[in-house]
Amino acid sequence: MVTKQLRSSGGVWLSVGKTNLYIDPGPGALVRCLNSKPKLEPSMLDAILLTHKHLDHSGDVNVLIEAMTEGGFKKRGVLFAPKDALDEDPVVLKYLRNYVEKVEVLKENSEYRIGEIQFSTAQKHQHRVETYGINFKISPHTISLIADTKFFPDLPTLYRGEILIIHVVRLKPVVDEPIEHLSIEDVKTIVKKVKPRLTILTHFGMTMIKAKPWVVAAELEKELGLRVIAASDGMKIDLEEV
Ligand SMILES: [Zn+2]
């Protein structure tokens, strides 16, 4: 999906009060920001967060650090990233790390704060590289983001946000799949347990795209009796209206 750009891979911009956080700036993140209407101005960012180092989640992290810090002229902002995104075979260039005010290493079951956004990690995901899902507390709202992972029994209990964003790559489960991702079957299991007010499916692979994500979401919604939507490029969700 990413190399063909059948869907854009820019990630998510979270804005709460005066605080702006960019989550998973994949390839195209900067261009998507500047082309969006109204324009999203990266120099307004307070932080960038990587759930993991895979390229579809981090491809634009360096250029976005440049943009957030105005080419390094304004030392500002925080980068949140797992250790392996910084250490071995890093995805964040070393010379850029001085541009930000702080690099905070994401760890299991830890709490973080940037301005008006509080968030915590749960246990490590099963996804080859160090990967974390995030629970955001943006009072009075809670948002859970289940980033790439293979399904494991504790997964639903870790993410209980009233809004649930799930990375669902596959329509059907693949047995012994080497690249660990969730399928719609896994989503059903999770949503049945968590019963979020709104579930947003995103991060689709080819089988999901072929099945038309909005159709899959509508079927899920009917089956589960809970609101489920499929993300689309440039989609904006107003927390006050959920
Ligand atoms: Zn991944």
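Note that ligands are numbered from 1 as they come in the structure, with each ligand's atoms numbered from 1 the same way. Side chains are part of it too, since the values below use all heavy atoms of this structure and drop only hydrogens, waters and symmetry mates. No experiment lies behind these values; they were computed from the predicted model shown.
Taking a cut-off of 2.8 Å, the protein N, O or S atoms nearer than that to the Zn ion (ligand 1) are His52 NE2, His54 ND1, His127 NE2, Asp148 OD2.
Residues passing the side-chain contact (heavy atoms from CB on, under 4.5 Å) test with Ile209, sequence neighbours excluded: Met1, Arg7, Phe204, Pro213. Residues passing the side-chain contact (heavy atoms from CB on, under 4.5 Å) test with Glu116 are Val16, Lys18, Thr19, sequence neighbours excluded.
Contact check on Glu223 versus Lys188 returns a salt bridge, with a Lys/Arg side-chain nitrogen under 4.0 Å from an Asp/Glu carboxylate oxygen.
Counting only N and O atoms by type, the side chains of Thr189 and Glu185 include no donor and acceptor under 3.5 Å apart. Checked by atom type, the side-chain pair His52/Asp148 shows a donor-acceptor distance below 3.5 Å.
Under a 4.5 Å side-chain heavy-atom criterion applied to ILVMFWY residues, the cluster that includes Tyr95 comprises Trp13, Tyr22, Leu30, Leu34, Leu40, Leu45, Ile48, Leu50, Val61, Val63, Leu64, Ile65, Met68, Leu79, Leu86, Val91, Val92, Leu93, Leu96, Tyr99, Val100, Val103, Val105 as well.
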